[in-house]
Amino acid sequence: MNGSIALKTAGFLLVSLAGFMLGFLARKKVYRHAETLHRLTGILSRLQSEISYAHASPEDFFEILAAENDYIGKCFKTVLDKMRKVRLPLSAAWSEAVEEHSDALCLTDGEKAELLRLGKSIGRLDLEGALKAVELTCESFKALSRTAHESKKNDGRLKLALYTAGGLLAALLLI
């Protein structure tokens, strides 16, 4: 009898903890999404400045970003690798890199489509056209970043609470 209670208690705790951990991972994804949008907005602003004032090519700027050893830097490193090693044009390398790293970037389908459009524009337009495309995408990402930042706390807490409650409910049903 005591073994049965101990086993049920252990099962209750494991299922409850699993629900909490799933909620923690869901909250982490919400936080990563907001961080990615914020960082991409900053990157696009810097790219806009580099093109406007330094008349640098996007490839030169990608070289700087690729040196950062994080999930966004890895995406830009992939762009450069595909351009140099596979000899893909910028637009194709950009598209493949965004598709390859979309899970790590935690972007929605609309945000990913916006980045893919930007890659096509940068790869096919002259510097002035690319500058305009970067400017428009930057404005779009600023608005998306503000919205994601505002909902980050509420959505993160909500997901954590829902998954934890789901784990507790499942544990109670198993007892």
> Under the 3.5 angstrom rule, does the side chain of T137 hit a backbone N or O of L118 as a donor-acceptor pair?
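Not at all, since once roles are kept as given, no pair shorter than 3.5 Å links the two residues.
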> Is R32 positioned over the aromatic face of Y71, cation under 6.0 angstrom from the ring centre and no more than 45 degrees off axis?
yes
> Could you tell me the separation between the OG atom of S145 and the NZ atom of K152, rounded to the nearest 0.5 Å?
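The NZ atom of K152 is 9.5 Å from OG of S145, to the nearest 0.5 Å.
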> Walk me through it: do H33 and E111 pass the test side-chain contact (heavy atoms from CB on, under 4.5 Å)?
CA-CA 10 Å; H33 177 249; E111 295 158 354; 2.8 Å; yes
> Give the table of side-chain donor-acceptor pairs shorter than 3.5 Å for residues 9-26, with sequence neighbours excluded, one pair per line with atom names and distance.
| residue | atom | partner | partner atom | Å |
| --- | --- | --- | --- | --- |
| T9 | OG1 | I5 | O | 2.8 |
| S16 | OG | F12 | O | 2.8 |

> How would you list, by chain and number, every residue that makes a side-chain hydrogen bond (donor to acceptor under 3.5 Å, both in side chains) with R117, sequence neighbours excluded?
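For R117 the side-chain hydrogen bond (donor to acceptor under 3.5 Å, both in side chains) partners, ignoring immediate neighbours, are E114.
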> Check the surroundings of atom NE2 in H101: do more than 12 heavy atoms from other residues, nucleotides or ligands lie under 6.0 Å from it?
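Check passes, neighbour count above 12.
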> Look at the side chain of R39 and the backbone N and O of I72, then say whether any donor-acceptor pair between them is shorter than 3.5 Å.
no
> Between K74 and E100, is there a salt bridge with N-O shorter than 4.0 Å?
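Here E100 does not pair with K74 in a salt bridge, since their nearest N and O are not under 4.0 Å apart.
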> Take atom NZ in K112; do more than 12 heavy atoms of anything else shown fall under 6.0 Å from it?
yes
> Under 30°, 30 to 60°, or over 60°: which ring-plane class applies to W94 and F76, parallel, tilted or perpendicular?
perpendicular
> What do the steps show when you test R84 against E63 for salt bridge (Lys or Arg N to Asp or Glu O under 4.0 Å), and what is the final call?
CA-CA 12 Å; R84 292 178 181 157; E63 189 78 44; 2.3 Å; yes
> Are the side chain of S121 and the backbone of A133 linked by a donor-acceptor contact shorter than 3.5 Å?
no
> Nearest 0.5 Å, what's the CG-CG distance between L107 and L40?
6.5 Å
> Roughly how far, to the nearest 0.5 Å, is the CZ atom of R27 from the NZ atom of K159?
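One finds 12.5 Å between NZ of K159 and CZ of R27.
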> I'd like to know if L116 and L88 are part of one continuous hydrophobic network [Ile/Leu/Val/Met/Phe/Trp/Tyr, side-chain heavy atoms within less than 4.5 Å].
no
> Any idea which heavy atoms bring K82 and A93 closest together, and the distance?
CB-CB, 3.8 Å
> Is L160 linked to Y163 within one hydrophobic cluster, defined over Ile, Leu, Val, Met, Phe, Trp and Tyr using a side-chain heavy-atom separation of less than 4.5 Å?
no
> To the nearest 0.5 angstrom, please state how far the NZ atom of K28 sits from the CD atom of E35.
10.5 Å
> Please report the shortest heavy-atom distance between G156 and V30, naming the atom on each side.
N-CG1, 4.1 Å
> May I ask you to decide if S91's main-chain N or O and S95's side chain share a donor-acceptor pair within less than 3.5 Å?
yes
> Where the side chain of S102 meets the backbone of E99, is there a donor-acceptor pair that is under 3.5 Å apart?
yes
> Decide side-chain contact (heavy atoms from CB on, under 4.5 Å) for K142 and S45; before the verdict, give the C-alpha distance in whole Å, the side-chain angles of both, and the deciding distance to 0.1 Å.
CA-CA 10 Å; K142 280 181 185 175; S45 293; 4.2 Å; yes
> Could you state the interatomic distance from CD (E96) to SG (C75), rounded to the nearest 0.5 Å?
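Reported value, rounded in 0.5 Å steps: 11.5 Å.
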> Following the transitive rule for hydrophobic clusters with a side-chain heavy-atom cut-off under 4.5 Å over Ile, Leu, Val, Met, Phe, Trp and Tyr, establish whether L105 and L80 coincide in one cluster.
yes
> Please report the closest heavy-atom contact between L144 and L37, naming both atoms and the distance.
O-CD1, 3.7 Å
> From I43 CD1 over to T36 OG1, what is the distance, rounded to the nearest 0.5 angstrom?
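Here the interatomic distance stands at 9.5 Å.
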